[in-house]
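We use all heavy atoms of the structure for the numbers below, so side chains are in, but hydrogens, waters and symmetry mates are not.
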Amino acid sequence: MPELPEVETSRRGIEPYVVDQAIAAVTIRERRLRWPVSLDIDERLPGATITSVDRRAKYLLINTTDGTAILHLGMSGSVFIVDRNTPAGVHDHVDIELESGHALRLRDPRRFGSLHWSDDVRNHWLLKHLGPEPLGDDFDGRYLWDRSRGRRVAVKQFIMNANIVVGVGNIYASESLFLAGINPKCAAGRIALPRYERLAEAIHEVLQRAIRAGGTTLRDYYGSGGESGWFQQELDVYGREDEPCHRCDRPLTAIVQGQRATYYCKRCQT
DNA sequence: CTTACCGCCTGTCGGC
DNA sequence: TGCCGACAGGCGGTAA
């Protein structure tokens with residue numbers, strides 16, 4: 001569920017509590033995440049001081065004086081701040097305990113998330129192949145057009161491919177295509193430049209709006225359980241099968257692409 | 001190179 | 001009302 005806006009909201013939420021904090025201890029209650037949590041985490045984090053919290057794609061990068069913890073929230077993960085002695089719930093797998101008496105807690109019921117250690121994040125295997133940030137300078141319609149030439153994959157799957165552009169998850173892919181008026185089934189290689197320019201703008205718009213919405217509800221990452229900022233976006237199509245299109249009033253359509261649900265308007269998206 | 005599909009998990013939801 | 005099976009969903013791995 002956490003898409004890029006939610007991850008960015010989490011980053012901003014925990015940042016003030018963890019930056020410049022020395023790590024007193026690390027408690028790992030469950031190592032079996034998407035990949036087993038490496039012993040490096042236990043060995044290297046304690047004693048280090050957190051220098052910054054960055055985001056790359058949907059990864060949170062907890063930079064320390066000794067290296068970087070790479071955290072992914074998967075489908076159901078969340079991070080939040082608790083007092084160090086707050087009893088852990090069933091799915092609270094990791095605590096990074098800080099000198100301040102707080103702890104950064106990772107909760108992830110489905111365990112699709114992950115936690116890695118790296119001395120050289122830029123070349124880490126999880127991040128190395130990733131495409132540009134959708135909110136960064138090197139992402140625009142021209143870029144999408146360039147990368148899509150000769151590709152027969154559907155445009156929705158194309159923009160969800162992290163090698164092409166990161167952070168466009170299932171929800172925001174449908175929303176962006178609606179905003180741009182593009183049929184999700186359209187072959188990526190058969191879409192002209194002007195339409196990709198509209199699509200790039202739409203992706204930017206949708207993500208930016210969601211981050212802003214997250215920001216307005218970003219009250220308290222301390223003891224919050226990490227729910228704040230989640231799902232504040234007003235959605236035009238996602239999850240609205242048979243409900244009226246916000247533009248033309250006709251019922252919206254749901255299909256499956258690459259084993260994932262897609263929602264769109266047959267009249268407005270061509 | 002591209003494309004298609006698998007499977008890791010558990011909370012939620014629909015059907016009976 | 002209560003139980004149970006189906007399913008969603010990010011994303012790297014693997015196969016074709």
Side-chain angles (χ1 to χ4, degrees), chain A residues 1-11 28-38 55-61 70-79 88-94 106-116 118 121 123-134 144-177 184-191 203 206-207 210 225-227 230-231 233 235 237-242 254-263:
Chain A
M1 219 87 80
E3 300 226 24
L4 184 143
E6 288 78 18
V7 177
E8 178 60 23
T9 299
S10 300
R11 190 194 69 75
I28 301 178
R29 302 181 193 85
E30 177 59 83
R31 282 186 190 278
R32 294 172 302 165
L33 304 186
R34 172 90 201 267
W35 289 280
V37 176
S38 125
R55 178 187 58 74
R56 173 75 175 107
K58 296 181 193 170
Y59 293 94
L60 282 172
L61 307 178
I70 303 171
L71 180 60
H72 198 285
L73 300 178
M75 275 295 303
S76 57
S78 57
V79 284
V90 239
H91 302 301
D92 293 346
H93 306 313
V94 179
L106 168 65
R107 171 178 298 172
D108 186 3
R110 293 188 192 176
R111 295 197 266 122
F112 276 22
S114 63
L115 179 58
H116 285 84
S118 175
V121 204
N123 291 310
H124 193 271
W125 62 276
L126 282 170
L127 308 179
K128 214 158 71 170
H129 68 278
L130 294 175
E133 289 288 328
L144 284 178
W145 182 81
D146 271 340
R147 294 296 307 269
S148 60
R149 292 312 87 188
R151 298 242 191 166
R152 285 191 280 188
V153 70
V155 61
K156 190 215 178 201
Q157 290 161 272
F158 177 70
I159 60 172
M160 286 182 67
N161 181 345
N163 300 301
I164 303 301
V165 56
V166 302
V168 182
N170 199 40
I171 296 173
Y172 297 128
S174 282
E175 293 297 313
S176 303
L177 288 162
K185 292 193 283 190
C186 221
R190 307 191 62 164
I191 294 175
I203 289 171
V206 162
L207 293 177
E227 293 92 0
W230 260 218
F231 263 13
Q233 179 108 354
L235 301 173
V237 288
Y238 188 84
R240 298 192 58 243
E241 181 176 17
D242 296 334
I255 57 172
V256 173
Q257 292 182 286
Q259 307 165 77
R260 280 174 202 98
T262 300
Y263 299 88

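With hydrogens and angles disregarded, a donor-acceptor distance shorter than 3.5 Å links the side chain of A:E30 to the backbone of A:R32. A:R34 contributes no side-chain N or O that, together with a main-chain N or O of A:G113, makes up a donor-acceptor pair within less than 3.5 Å.
Within the nucleic acid shown, A:R151 comes within 4.0 Å of sugar-phosphate atoms alone, with no base atom in reach, counting heavy atoms only. Note on A:Q259: a base of the nucleic acid sits closer than 4.0 angstrom, heavy atoms only.
Between A:R240 and A:L235, the closest heavy-atom pair is CD-O, 3.6 Å. Looking at every heavy atom in both residues, A:W145 comes nearest to A:I191 through CD1-O, 3.6 Å. The two atoms that bring A:A154 and A:P184 nearest to each other are CB-O, 3.5 Å, heavy atoms only.
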If you look only at distance, which donor and acceptor atoms sit under 3.5 Å apart when one is on a side chain in residues 159-170 of chain A and the other is two or more places apart or in another chain?
unit_1: A:N161; atom_1: OD1; unit_2: A:N163; atom_2: N; d: 2.8
unit_1: A:N161; atom_1: OD1; unit_2: A:N163; atom_2: ND2; d: 3.0
unit_1: A:N170; atom_1: OD1; unit_2: A:K156; atom_2: NZ; d: 2.5
unit_1: A:N170; atom_1: ND2; unit_2: A:A261; atom_2: O; d: 3.2

I need a per-nucleotide contact map over nucleotides 11-16 of chain C, read 5' to 3'. Cutoff is protein heavy atoms under 4.0 Å; write B for the base, S for backbone only, - otherwise. BBS---

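When the P atom of B:dT3 is taken as reference, atom CD1 of A:I164 falls 9 Å away, rounded to whole Å. Between the NE2 atom of A:H91 and the C1' atom of B:dG11 there is a distance of 8 Å, given to the nearest Å. Look at CZ on A:R147: it is 7 Å from P on B:dT2, rounded to the nearest Å.
Taking the nucleotide of DNA chain B with the nearest heavy atom to each of A:F112 and A:Q157, the more 5' of the two is matched to A:Q157.
OP1 or OP2 of C:dA8 has not a single side-chain nitrogen or oxygen of A:Y238 nearer than 4.0 Å.
For A:R29, the CZ atom counts as densely surrounded, since its 6.0 Å shell holds more than 12 non-hydrogen atoms of other residues, nucleotides or ligands.
Using five terminal pairs a side, the axes of the helix from B:dT2-C:dA16 to B:dC16-C:dG2 at its two ends make an angle of 50°, given in steps of 10 degrees.
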